[in-house]
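Everything on this sheet refers to the single structure shown next.
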Amino acid sequence: MGSKPNVLFGLPPGWDALSKALFGNPDFNSFLHGKDHYVPAQIDYFVGFRPAHGFLKTLPRLKAIFSLGAGVDGFLRDPEFPRHLPVVRFVDETLQREMAQYVTMHALIIHRQQRAFDAAQRESAWRQRMLERPSRELRIGILGMGDIGAVTAERLLLFDFQVFGWSRSRKEIAGVTSYAGQKELGTFLAQCDILVCLLPLTPETEGILNAALFAGLPQGAWVINVARGGHCNEADLLAALDSGQLAGAVLDVFQTEPLPPDSPIWKHPRITVTPHIAGITDPRNAAAFVANCVARAERGEPFANRVDLSKGY
Ligand code: NDP
């Protein structure tokens, strides 16, 4: 293992392109968990997404943890997580733009009623429809106005939508009405024709997309969840769709991933399902992130985007 730092990568299956980009950095020794032989007591840094609970505590020399996801719930939910270590999360402009693009695309599909035209085309039917309202009258609310929420708001404004944001602290973003804290959640929700969830998953936000919240939305609202499956009570969502309180939902994340084949969500006519691909990690940017984090750690410099463990994001 030599004098260079030893970096252990714990990558979910299917992240092969990423592992190729991440390996081969001459400044450190790289080990892929599950493939390479390594000595746990000699590992300095861990890079990954959702390690098995209890795994990190088996690395006694660990100095820092680098998350390849913007959300770190996959780490912090481990009851034995080594909370004394710094955790740095992947904050990346490309990822933010991809996320914003996903949300904007689905907002446009909803606004332009594209699903109805797709259905008409399947019947070879020439069925013209009017827009229900101009885009400047369609109100989109974003739960979570952090790095991704802010870029998403900017993109939605380009299409003339009305944009509202809800976060813990108030924001000053041109063109966006900002609501903050539990007290203002009700006022925020009452104005959302489309609600987008971009919150981190923490004990405070877990299950926030539930029957009470859906009841606070205008009747016929849409929900787009691109944050985490743990935010959404899926039984409540199905009930709100069936009662007509919600017109539809776009879900990229699920309580259980992969979404089990027998889940009623797959076949629901008013739910669009994508397999957790809203934000795609660019392998080159991820490699640069890891190189930068290791170099900073080795020089004893502070990290950018260090997670505040007391807040959980
Ligand atoms: P940030 O940490 O930058 O932003 C989080 C936002 O949520 C902040 O505005 C924060 O408020 C707000 N927030 C947190 N807790 C609360 C609370 N209790 N009440 C009100 N507001 C709260 O995160 P990112 O924008 O980088 O990422 C957001 C999430 O998106 C990630 O955690 C991840 O779960 C998800 N994600 C999903 C991907 C996918 O492919 N589907 C890809 C990437 C990310 P404040 O600003 O006041 O602190």
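One-based numbering, in listed order, for ligands and for the atoms of each.
With Trp266 contributing its side chain and Leu259 its backbone, the two residues share a donor-acceptor pair below 3.5 Å. Judged by distance alone, the side chain of Gln162 and the main-chain N or O of Leu138 form no donor-acceptor pair under 3.5 Å.
Closest protein heavy atom to atom 28 (C) of ligand 1: Leu198 O, 3.3 Å. Atom 7 (O) of ligand 1 has Pro200 CD, 3.3 Å as its closest protein atom, hydrogens excluded (heavy atom only). For atom 18 (N) of ligand 1, the nearest non-hydrogen atom of the protein is Glu204 OE1, 3.0 Å. Counting only heavy atoms of the protein, atom 42 (C) of ligand 1 lies nearest to Met99 SD, 3.4 Å.
Counting heavy atoms under 4.0 Å from ligand 1, residue Arg168 touches it through both backbone and side chain. Residue Thr205 touches ligand 1 through its side chain alone, judged by heavy-atom distances below 4.0 Å. With a heavy-atom cut-off of 4.0 Å, Arg89 touches ligand 1 through its side chain alone.
Ion pairing between Asp44 and Lys63 holds under the 4.0 Å rule for side-chain N and carboxylate O.
Which parts of ligand 1 touch His276 is read off a 4.0 Å heavy-atom cut-off, strictly below it: atoms 39 (C), 40 (O), 41 (N). Within the listing of ligand 1, atoms 6 (C), 9 (O) sit less than 4.0 angstrom from a heavy atom of Met145. Ligand 1 places these atoms under 4.0 Å from at least one heavy atom of Gly279: 39 (C), 40 (O). The contact set between ligand 1 and Ala70, taken as ligand atoms under 4.0 Å from a residue heavy atom, comprises 26 (O), 43 (C), 44 (C). Of all the atoms in ligand 1, the ones that sit under 4.0 Å from a non-hydrogen atom of Lys171 are 45 (P), 46 (O), 47 (O). The atoms of ligand 1 that sit less than 4.0 Å from any heavy atom of Asp252 are 39 (C), 40 (O), 41 (N).
Side-chain contact check for Phe81 versus Ile65: some heavy-atom pair is nearer than 4.5 Å. Put simply, the side chain of Ile224 does not reach to within 4.5 Å of the side chain of Thr272, judged on heavy atoms.
The distance from the CG atom of Asp147 to the CG atom of Asn305 is 6.5 Å, given to the nearest 0.5 Å.
Taking a 4.0 Å cut-off on heavy atoms, Tyr102 fails to register as neighbouring ligand 1. Using a 4.0 Å cutoff on heavy atoms, Gln182 does not count as a contact of ligand 1. Taking 4.0 Å as the cut-off, Thr202 does not count as a neighbour of ligand 1 on heavy-atom distance.
Residues forming a side-chain hydrogen bond (donor to acceptor under 3.5 Å, both in side chains) with Thr205 (at least two apart in sequence, or on another chain): Thr202, His231. When the side-chain hydrogen bond (donor to acceptor under 3.5 Å, both in side chains) test is applied to Ser243, no partner is found at least two apart in sequence or on another chain.
Compare Ile148, Ile142, Leu95, Asn305 by their heavy atoms: the one nearest to atom 25 (O) of ligand 1 is in Ile148. Scanning Val226, Leu143, Leu199 for the heavy atom closest to atom 12 (C) of ligand 1 points to Leu199. Closest heavy-atom approach to atom 9 (O) of ligand 1 among the candidates Ala227, Gly146, Gly230: Gly146.
Residue Tyr313 has at least one N or O atom closer than 3.5 Å to an N or O atom of ligand 1. For ligand 1, the polar-atom distance check finds no N/O of Ile277 at less than 3.5 Å from any of the ligand's N/O atoms. Residue Trp166 has no N or O atom closer than 3.5 Å to an N or O atom of ligand 1.
When all heavy atoms of Leu241 and Ala247 are compared, the closest pair comes out as CD2-C, 4.0 Å. Glu301 and Arg299 make their closest contact through OE2-NE, 2.8 Å (heavy atoms, listed as atom of the first residue, atom of the second, distance).
Ring pair Phe161/His111: centre-to-centre distance below 6.0 Å.
Within 6.0 Å of atom CD in Glu184, more than 12 heavy atoms from other residues, nucleotides or ligands are found, so the atom counts as buried in its surroundings.
Note on Leu76: it clusters hydrophobically with Phe55, by side-chain heavy-atom contacts below 4.5 Å among ILVMFWY residues.
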